[in-house]
Amino acid sequence: MPHDLPKAYEPGAIETRWADYWIQEKLFSVPTPPPGENRPVFTLLLPPPNVTGRLHMGHMLNQTQMDIIVRWHRMRGFLTLWLPGTDHAGIATQMMVEKQLAREGKKRHDMGREKFVERVWEWKREYGGAILDQMKRLGASVDWSREYFTMDDNLSHAVHEVFVRLYEEGLIYLGDYIVNWCPWHETAISDLEVKHQDVPGHLWEIRYPVVGAGEFITVATTRPETMLGDTAIAVNAKDERYTHLHGKKVLLPLMNREIPIITDELAQPEFGTGAVKVTPAHDPNDFQAGLRHNLPQINVMDEHAHMNQHAGRYAGLDRFEARKRVLHDLREQGFLVGEKDYTIALGTCDRCGTVVEPRLSKQWFVKIAPLAERAKEAVESGEITIVPDNYRQIYLNWMNNIHDWCISRQLWWGHRIPAWKCESCGELTVAREAPAKCKCGGKVEQVSDVLDTWFSSGLLPFTTLGWPEKTRDQAVFYPTTLLITAYEILFFWVARMIMFGCHFMQGHVQDPAIKKASGWADKKNDSVPFREVYIHALVRDAERQKMSKTKGNVVDPLDVIQRFGTDATRFTLAAMAAPGTDIAFNESRTEGYRAFANKIWNAARFMFMNLDRIGLVWEQPPSVVRPGQSPGSPGAGIAHFHPQTLEDRWILSRFNRVAADVNDALATYRFHEAANRVYDFFWGEFCDWYLELIKPRLNFEDGADKSAAQAACSNLVNLFEAALRLLHPIMPFITEEIWQAIYDGKPAVKSIALTAYPQADQKQFDLAAETEMAILQDLIVSVRNLRAELKVEPKAKVPIEIFAHELGIRTMIEHNRGALERLANVESIRFVEEALSNRVGARSTARFDVHVIYERKIDVAAECEKLKKELEKVERGITSGQRQLGNQQFLSKAPPSVVENLRKQQQELAVLKEKTLSKLKELSCS
RNA sequence: GGGCGGUUAGCUCAGCUGGUUAGAGCGCCUGCCUUACAAGCAGGAGGUCGCAGGUUCGAGUCCUGCACUGCCCACCA
């Protein structure tokens with residue numbers, strides 16, 4: 001059994017090898033289970049990355065957390081489906097290809113729609129898989145056989161079906177409204193795609209001459225160029241300053257057009273001059289006012305936000321240039337009467353940063369109120385849980401203030417709206433399939449707009465499971481169990497999935513046997529897209545700045561992986577992912593976790609070295625179980641570990657405690673806690689203590705007998721194997737590598753990923769062993785400590801004296817004297833029956849006094865200083881303890897265990913104080 | 001204009017429902033190449049938990065106010 005591993009862990013080759021293996025062996029593929037299946041099911045939909053995407057830290061955090069949860073469930077016997085795919089990402093992809101065309105000196109309009117779309121498909125085929133390839137490097141245990149793309153035929157059909165149904169139900173309508181328009185992308189965008197930014201601007205005051213009155217009315221505006229499209233002036237009916245002007249007209253400066261003065265609540269007396277210009281085609285509020293008063297809508301700009309023919313002599317100018325000219329002309333003609341600094345909340349396009357133009361245009365909308373109502377209920381009723389809790393309220397607030405959703409985009413790449421317009425009668429036909437001709441017999445043409453990308457991604461939880469057909473997959477896997485995602489897309493995506501899911505899956509029933517086994521029996525509503533949502537943090541750079549390409553502070557996960565390994569990078573993200581707080585990604589942590597991987601590696605080398613030398617025949621333990629076992633079944637811990645010694649009992653107990661904690665932490669998404677617990681166990685307990693303690697037993701050539709060595713070695717391998725399973729969800733690669741090596745290429749199952757996750761076994765808890773071990777550790781550390789203080793040569797063995805405060809402690813120490821001698825470099829141990837605390841080179845605790853016998857003079861001054869500090873600390877403890885114990889309130893109100901502990905502690909502190917004082921005296925400290 | 005989070009060691013962060021003398025990693029100091037590991041081992045220094053009040057027998061933890069900082073939402077000229 002050759003186990004010659006390199007001395008230092010080299011993640012690169014190992015990781016790609018296992019990543020490929022998992023895919024080739026189709027380990028994570030989940031065939032549709034037949035009726036009668038009663039295993040618990042866990043379903044997770046991968047938030048589909050954009051086909052144009054490149055892996056960033058956010059993805060990696062997201063995927064690490066998902067993979068941890070997924071592997072954990074799979075190992076606990078859940079039928080676990082993790083569904084991957086990519087999003088066609090309308091705007092992003094179209095832009096990408098347009099850029100490519102630009103380099104060839106081409107434009108999409110020149111080549112026409114059909115050819116352009118074909119070109120985008122070509123691009124997708126060539127480059128669209130990049131992000132998924134990167135995912136593979138992370139070890140994501142998704143079911144690749146079910147990979148989808150949002151523009152696949154079946155998914156596109158489902159999109160059309162949804163559109164037609166909503167239209168037929170009156171929940172989709174076509175209308176002329178003011179929408180957010182990005183002049184750069186030349187398309188409408190939704191409210192969510194507009195980012196508001198406070199920027200310094202101006203509030204200009206313009207006076208309009210009142211016709212036939214010989215006076216002016218002054219309005220305030222932040223956008224003077226839109227005055228060219230004014231169709232009224234509004235004042236508030238209650239505003240007495242303007243009562244005499246009601247019904248009059250003003251002459252619109254620069255345009256010489258007469259427009260009415262109207263009364264409308266749009267004008268608020270407190271703001272500015274109390275009078276406001278009304279531009280229905282360029283401002284949403286004015287638009288509404290315009291409808292109320294039946295005002296004309298004069299659109300003075302084109303789709304590029306250049307002034308058009310309605311802008312008179314400003315036609316052809318860019319909007320900002322037009323603003324300058326308009327202001328200049330108004331000033332010159334005496335109409336501009338004021339200019340104040342004013343902060344404006346400027347709306348910009350989420351993707352390109354261009355200032356968004358409110359634009360009047362014909363668009364398709366989803367009537368959101370009825371959908372939002374049920375989406376709200378689903379969360380309010382607890383049918384969907386949102387973790388952390390605070391996002392629940394944020395979600396509900398948003399649902400309460402939601403507006404209709406503009407879903408049409410003036411793009412070429414995406415799901416084209418299934419509506420056809422008649423060329424002769426103008427009638428619109430919405431249909432699943434293209435109609436041959438209009439009802440009137442006229443020729444029809446499909447409308448050119450495509451759907452918002454989020455429209456299709458909002459359907460994924462059911463369309464990926466075969467909807468609109470009623471499939472077995474839906475009965476089994478819908479509702480999906482969990483969604484893990486970033487806060488950023490809570491509204492874009494999560495909210496829409498809930499709305500669509502509740503609407504289209506209404507009446508759906510999950511297979512009852514599966515539902516019950518999965519633990520959802522108490523949930524009534526099976527239409528929800530997922531039972532739980534976990535919102536994770538944002539990954540920032542080490543300076544807490546949001547990572548962005550423009551700032552140039554983007555940390556490339558592949559680069560980090562290259563240098564430290566995927567496992568170490570995953571571990572970093574897990575260990576830093578305390579729910580609710582953002583992660584400032586710090587490479588020094590990753591470096592530390594690479595060291596952790598190396599530690600595990602070397603512990604494995606140590607194990608194999610002994611395995612080979614002792615010649616132990618390693619058998620498959622029954623703790624390795626096949627999928628199909630019930631979660632948390634017994635035997636999933638360490639079955640073949642037979643404690644012989646204190647350290648055996650201790651490590652077994654510790655392992656079970658850690659397993660309990662890790663399972664507990666994962667169940668509530670406390671990834672950092674799970675990671676830290678495994679880390680501390682593996683390094684701080686298993687490596688630092690257990691391995692050191694069992695070395696003499698393993699080393700049978702030195703006189704120990706071989707069967708004892710074999711027993712010790714067997715325990716070691718059992719423990720190690722279980723610890724690997726415990727760690728596997730977080731560090732899948734190194735655990736797989738070592739686990740496979742343990743079985744020497746002949747494991748009973750193909751991967752550690754298919755074994756059982758360790759569960760705590762109550763019978764293996766051993767409180768006595770933990771207590772005794774703590775004392776032994778304390779004793780060893782004390783001696784090491786004293787050696788350092790006395791400046792004993794590192795190699796010199798020293799004699800010590802011990803005063804054990806109880807017989808049981810003395811017995812325990814005697815049983816483990818070999819360990820003490822070896823780990824503290826002790827030559828001989830003498831037990832005495834008197835306090836040793838006043839000796840130089842002694843230390844005492846509640847359980848024992850220990851004295852290192854060594855000639856070398858100590859630094860009296862330094863020692864005094866230290867003792868005084870110690871004394872102060874002890875006295876502080878005594879004072880505060882006495883205060884509490886002297887307090888009747890405390891005694892009556894605090895739980896008895898707390899009081900009890902405090903009493904005990906006070907006794908110990910009193911002893912300690914006594915000892916410290918006598919030591920101070922001994923040294924004649926001043 | 002609303003809402004949410006953060007402020008704990010030099011740095012990056014833990015600290016769950018209030019309960020012994022507040023922890024980790026990195027960095028720093030001292031000493032060790034001890035036959036798994038120098039990406040290691042042993043030992044050590046370093047904190048009035050942002051500020052001010054309050055509740056409580058007891059507050060890093062709960063409440064109020066303030067300061068600084070970050071984020072999200074918002075069609076008022």
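Below, chain A is the first sequence line, B the second, and so on; all start at residue 1. This one's a predicted model, so the numbers in the text were calculated from it and none came from an experiment.
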Any strand: nucleotide that pairs with B:A67 via Watson-Crick or wobble, under 3.5 Å | B:U7
No-H, no-angle donor-acceptor pair, A:E10 side chain to B:A39 base, under 3.5 Å | no
Hey, what's the ring geometry for A:F596 with A:W683, parallel, tilted or perpendicular (30° and 60° as the breaks)?
-> parallel
Nearest-neighbour nucleotide for the A:F491 side chain, B:C75, B:C41, B:C73 considered | B:C73
Can you say whether the rings of A:Y593 and A:Y679 are parallel (under 30°), tilted (30 to 60°) or perpendicular (over 60°)?
-> perpendicular
Plane angle bin for A:Y669 and A:F671 - parallel if under 30°, tilted between 30 and 60°, otherwise perpendicular | tilted
Provide the Watson-Crick or G-U wobble partner of B:C16, both distances under 3.5 Å; none if there is no partner.
-> none
Hey, does the side chain of A:R589 come within less than 4.0 Å of B:C26's phosphate (OP1/OP2), counting only N and O?
-> no
Nearest-nucleotide pick for A:H672, side chain only, options being B:A36, B:G15, B:A42 = B:G15
Give A:E265 one of three labels, base, sugar-phosphate or nothing, depending on what nucleic acid heavy atoms sit under 4.0 Å from its own.
-> nothing
Would you please confirm or rule out a distance under 4.0 Å between OP1 or OP2 of B:G31 and any side-chain N or O of A:K795?
-> no
Could you go through nucleotides 57-59 of chain B and list every protein N or O atom that sits under 3.5 Å from one of its N or O atoms, giving the distance for each pair?
{"residue": "B:C57", "atom": "OP1", "partner": "A:K893", "partner atom": "NZ", "Å": "2.1"}
{"residue": "B:C57", "atom": "O2'", "partner": "A:N887", "partner atom": "ND2", "Å": "3.1"}

Set of salt bridge (Lys or Arg N to Asp or Glu O under 4.0 Å) partners for A:K195, sequence neighbours left out = none
Looking only at side-chain atoms of A:A345, point me to the closest of B:C75, B:A74, B:A36.
-> B:A74
Quick one: sort the A:F682 and A:F720 rings into parallel, tilted or perpendicular, breaks at 30° and 60°.
-> perpendicular
Taking a pair to mean Watson-Crick or G-U wobble geometry with both distances below 3.5 Å, B:G27 pairs with none
Which residues pass the salt bridge (Lys or Arg N to Asp or Glu O under 4.0 Å) test with A:R207, sequence neighbours left out?
-> none
Give a yes or no on whether a donor-acceptor pair under 3.5 Å exists between the nucleobase atoms of B:C73, that is its base, and the side chain of A:H196.
-> no
Does A:W683 place a side-chain N or O at less than 4.0 Å from the phosphate oxygens OP1/OP2 of B:C41?
-> yes
Donor-acceptor pair (no angle test) under 3.5 Å: A:K7 side chain, B:C37 base = no
Counting only side-chain N and O atoms of A:K791, is one of them less than 4.0 Å from OP1 or OP2 of B:U30?
-> no
Closest nucleotide among B:A42, B:C73, B:C32 to the A:P794 side chain = B:C32
d(CG, A:D778; C1', B:A42) in whole Å | 16 Å
Is any side-chain heavy atom of A:N602 closer than 4.5 Å to a side-chain heavy atom of A:F606?
-> no
Looking only at B:C76, B:G25, B:A36, the nucleotide nearest the A:N285 side chain is B:C76
So, is A:N785 close to the B:G44 phosphate, meaning a side-chain N or O under 4.0 Å from OP1 or OP2?
-> yes
